[in-house]
Amino acid sequence: MEVKIFDDYDALSQRTAEEVIKLVKEKPDAVVCLASGNTPLGTCEWIAKKVKAEKIDISKCNFIGLDEWVGVPKENTGSCSYFFHHNLFEPLNISAEKIFLFDALSNDLNGECKKMDNIIKEKGGIDLIIVGIGMNGHIGFNEPGVDFSLLSHVISLHETTITVGQKYFAGAIKLSKGITLGLGHLMNAQKAILIANGKAKAEVISKTVNEPVNNNFPAGIMQKHPDGFVFVDKDAASIL
Ligand code: PGA
């Protein structure tokens, strides 16, 4: 695992977007998994900007969504689906058949998990996965204590995730479960990049990079990824 420190959030976002652009240029039908949230927003904006400016054909690229809040409709502005459509798919006119997101309203969530696992397998696996990190060290909704070998699964959310997660929604919302790609997917991906910015993330980044790997702090698994990177701005790197 390699740590790269950028001057600020914009430089971090631009560089992360470049990773996607480089991959799509080399492999137009790449399988890219992106996280939603505040951290990847700049990355999505830069991907959209660069694809348009450089007139890159991104139409063959496959997009996998990392996770979703169970029970939250995709129209809700706090859903992961809304984030992707609003910040990436609509600006780039990505067609529906290239977008693979969990249906968090499904009556058969285990079936949704199997469906996602099969899609990833059929497409030849994930080429690049870009994830954020939660204040409890989660990646996606892989909460502390999660089995590192899991593929897609449904999980009960931690108190921290439920509290912090309110920030995405217009009003208070009851959150209890998440549907997520597993850390097995992260480890199987050809390349994995964890991104974080801001002083609030300094402690979790220090733990990710320096602490012995243990499933009580899921993000530590990045240390084990053969082509794993942690991209941070100076603030998030401030206690490394
Ligand atoms: P954030 O979320 O990018 O909004 O900080 C990170 C996460 O919880 O994975």
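In listed order, ligands and their atoms are each counted from 1. Scope of the values below: all heavy atoms of this structure, side chains included, with no hydrogens, waters or symmetry mates. We number each residue from 1, following the sequence as shown.
- Residue Lys167 has at least one N or O atom closer than 3.5 Å to an N or O atom of ligand 1.
- With ligand atoms numbered from 1 in the order given, ligand 1 contributes 3 (O), 4 (O) to contacts under 4.0 Å with heavy atoms of Gly37.
- Evaluated for a side chain to side chain contact (heavy atoms under 4.5 Å, CB included) with Ser36, the options Leu66, Asp67, Leu88 yield exactly one hit, Asp67.
- Counted by atom type alone, Thr161 and Glu143 present one or more donor-acceptor pairs between their side chains at under 3.5 Å.
- For atom 2 (O) of ligand 1, the closest non-hydrogen atom of the protein is Tyr168 OH, 3.0 Å.
- Taking the centre and axis of the six-membered ring of Phe229, the NZ or CZ atom of Lys191 falls inside the cone set by 45° and 6.0 Å.
- Nearest non-hydrogen protein atom to atom 3 (O) of ligand 1 is Thr39 OG1, 2.4 Å.
- Annotation: atom 9 (O) of ligand 1 to nearest protein heavy atom, His138 NE2, 3.4 Å.
- Of all atoms in ligand 1, numbered sequentially from 1 with element shown, those under 4.0 Å from a heavy atom of Gly134 are 7 (C), 8 (O), 9 (O).
- Distance from atom 5 (O) of ligand 1 to its nearest protein heavy atom, with residue and atom name: Lys201 NZ, 2.7 Å.
- In this structure, Asn142 contributes its side chain and His138 its backbone to no donor-acceptor pair below 3.5 Å.
- Using a 4.0 Å cut-off between heavy atoms, Ile133 contacts ligand 1 through its backbone alone, with no side-chain atom that close.
- The residue Met135 has no part lying near ligand 1, judged by heavy-atom distances below 4.0 Å.
- For residues 32-54, no residue pair satisfies the ring pair (Phe, Tyr, Trp, His ring centres under 6.0 Å) rule, not counting sequence neighbours.
- Trp69 and Phe169 have perpendicular rings, their planes meeting at more than 60° on a 0 to 90° scale where under 30° would count as parallel.
- Ring pair His85/Phe89 is perpendicular by interplanar angle, where above 60° counts as perpendicular and below 30° as parallel.
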